[in-house]
Amino acid sequence: MKTGSRIPRLFGAALAVALAGSAGWAVAQNAKTLPSLSDTRVAPQQTEAASRRVVIRFLTDSDFPPFDFYDEDGVLIGFNVDLARAICLELNTSCDIKARPWDELFGGLKNGEADAVIAAHRVTPAALKDVEFTDRYFHTPGRFAGRKDSPKVEMTPSGLDGQRIAVARGTAHEAYLKAFFRDSPLVVFENADLAREALAGGKADFIFDDGISLAFWLNGTLSRQCCEMRGGPYLEPKFFGDGLAIAVPKNDPQIRLLLNKGLDRVRASGRFEELVQRYFPVRIY
């Protein structure tokens, strides 16, 4: 039984059914920049105690590219792996990163095998029963895409009035469209792959999909370079989740403070943006 949840496989099933409730569609549409971490206030004595660590032990898994995977030489790499190393570098500590199956990650954290788990876990009420989380380090936006040769229109409910929008059935993206884009006819498919094929084949004017997997499709061979992102990211947490974070034990508040400090430094140095550009070929924010 899984003890946590994460974003969908980049070319697999879409997000779970949307959560109830809503906020204005424009809140997410206007979020044009990479979401920032929250401002963590750290007491000097807490920082000093936490900084005495000489090594931080991370667990991740190994089959979720581009976040964590083995390269052709059998070396564990990925966005999560490089981010963990960047954090350790900023904190002047050694970094020990081991791969474990997804279902065993939280167990390894609880039994003391690791100090933290960095494996694209979503921050959910269910996960918070087992672990604490750092500040968010990544978000999973919804994004529109359209064919490159299609007319430029505003990606708003009025701008897409009457436009056919492809979407995967039973996803947060379908629920969002039904809530805020009611004048756009939806072309609903059993999965995101079929929705993308419909866009490429002209059976839909636009697609609304998970921004991460959509970015890889746009940059890959299956899209035949037909299409491009349109408009900005949609980050409404009630539909698209509260972001990804590093999981830490409930009984170790110092490691959370330390990792938040490291995340802040990685962002301030510009290293975080470098990693995003390296692992995500099409900008998702």
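Values below: all heavy atoms of this structure, side chains included; hydrogens, waters and symmetry mates excluded. On a predicted model such as this, the values are computed, not experimentally measured, just so you know.
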Enclosure of [X] [atom1] (heavy-atom neighbours >12, cutoff 6.0 Å):
{"X": "Lys148", "atom1": "NZ", "result": "yes"}
{"X": "Lys203", "atom1": "NZ", "result": "no"}
{"X": "Asn92", "atom1": "CG", "result": "no"}

When the aromatic ring centroids of [X] and [Y] are compared, is their separation below 6.0 Å?
{"X": "Phe181", "Y": "Phe144", "result": "yes"}
{"X": "Phe240", "Y": "His173", "result": "yes"}
{"X": "Phe67", "Y": "Phe138", "result": "yes"}

Would you say [X] and [Y] are hydrophobically clustered, going by side-chain heavy atoms of ILVMFWY under 4.5 Å?
{"X": "Leu244", "Y": "Phe280", "answer": "yes"}
{"X": "Met155", "Y": "Ile165", "answer": "yes"}
{"X": "Leu89", "Y": "Ile97", "answer": "no"}

Check: So, for Phe64 and Ala120, which heavy atoms are closest and what is the spacing to 0.1 Å?
Finding: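 Answer, listing the atom of Phe64 first, then Ala120: CE2-CB, 3.8 Å.
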Note to self: Quick check: closest heavy atoms across Leu214 and Met229, and the distance to 0.1 Å?
What the structure shows: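 The pair with the smallest heavy-atom distance is CD2-SD, 4.0 Å.
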Margin query: Could you tell me if Arg230 and Ser150 have a donor-acceptor pair between their side chains, going purely by distance under 3.5 Å?
Written below: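 Their side chains do contain a donor-acceptor pair, which is all the 3.5 Å distance test asks for.
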Next item on the list: Start with the C-alpha distance between Asp264 and Arg267, add both sets of side-chain angles, then the distance that settles salt bridge (Lys or Arg N to Asp or Glu O under 4.0 Å), and finish with yes or no.
Entry: CA-CA 5 Å; Asp264 285 342; Arg267 283 185 179 273; over 6 Å; no
Next item on the list: For residues 76-91, pull every pair meeting side-chain hydrogen bond (donor to acceptor under 3.5 Å, both in side chains), keeping only residues two or more places apart or in separate chains.
Entry: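 Listed by first then second residue: Asp68-Asn80, Asn80-Tyr137, Asp82-Arg278, Asp82-Tyr279.
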Note to self: side-chain contact (heavy atoms from CB on, under 4.5 Å) for Asp71 and Val75? Distances and angles first, verdict last.
What the structure shows: CA-CA 5 Å; Asp71 67 9; Val75 177; 3.5 Å; yes
Checklist line | Lys/Arg N to Asp/Glu carboxylate O, Lys98 vs Glu104, below 4.0 Å | finding: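 A salt bridge is absent here (no side-chain N lies under 4.0 Å from a carboxylate O).
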